[in-house]
Amino acid sequence: RRVGISHTQLADVMHRDINIVHIRRPSFMADQLALQQAVQITPVHLAKAVVLPQDPGISIHQLVCDLQLPSTVSADLELDIREQARAFARAVGAVADVSRLHLKLEVLNTTTCPKWHADYVTARMLCTYVGPG
């Protein structure tokens, strides 16, 4: 299948000829340097959660807490993940049943492109918080 790419809005992924949406967005963090420093010193590098799209709050709060980031950055990160999860659920929910989202928040130090492969996931959203993306 041919790869179709959009750079405009997340909902474009639901168009028949689009299977990748790449959106550059400004940093949501008031203090991006604080997030970069926190990620470098966190002892935990992986957190996972299953989230109900209609009420993602508690699960996302726990997801961010599991990374043991300083409170100075965790509140902003939690808010952004909550907003992104809702937007993703709305976009995908237009054409597929979205009863739950599986979230993984991971601190990576290497390229992971070879890890992405064809599978049975309806839709996948990747969001970079630190680094070039």
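For clarity, every value in this text was computed on a predicted model and none was experimentally measured. If you read the sequence from its start, that first residue is 1, and numbering goes on from there.
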Min side-chain heavy-atom separation Lys104-Leu46 under 4.5 Å: yes

Taken to the nearest 0.5 Å, the spacing of Asp80 CG from Leu35 CG works out to 10.0 Å

Are Leu77 and Leu69 packed together at the side-chain level, in the sense that at least one heavy-atom pair is separated by less than 4.5 angstrom? yes

Quick one: pull up CD in Glu78 and CD in Glu83 and give me the separation to the nearest 0.5 Å. 11.0 Å

Rounded at 0.5 Å granularity, tell me how far OG in Ser6 sits from NE2 in His22. 11.0 Å

Distance (rounded to the nearest 0.5 Å) between Leu105 CG and Cys127 SG: 9.5 Å

If I compare all heavy atoms of Phe88 with all of Leu101, which pair ends up nearest, and what's the gap? CD2-CD2, 3.9 Å

State, with a plain yes or no, whether a side-chain heavy atom of Gln84 is found less than 4.5 Å away from one of Met125. yes

Hey, is the main chain of Ala49 close enough, under 3.5 Å, to the side chain of Ser59 for a donor-acceptor pair? no

Hey, what do you get for CG (Leu79) to NE2 (His61), rounding to the nearest 0.5 Å? 13.0 Å

Determine the minimum heavy-atom distance between Val21 and Gln9, stating which atoms define it. CG1-O, 3.4 Å

Residue pair Ala47 / Asp66: nearest heavy atoms and the distance that separates them: CB-CB, 3.8 Å

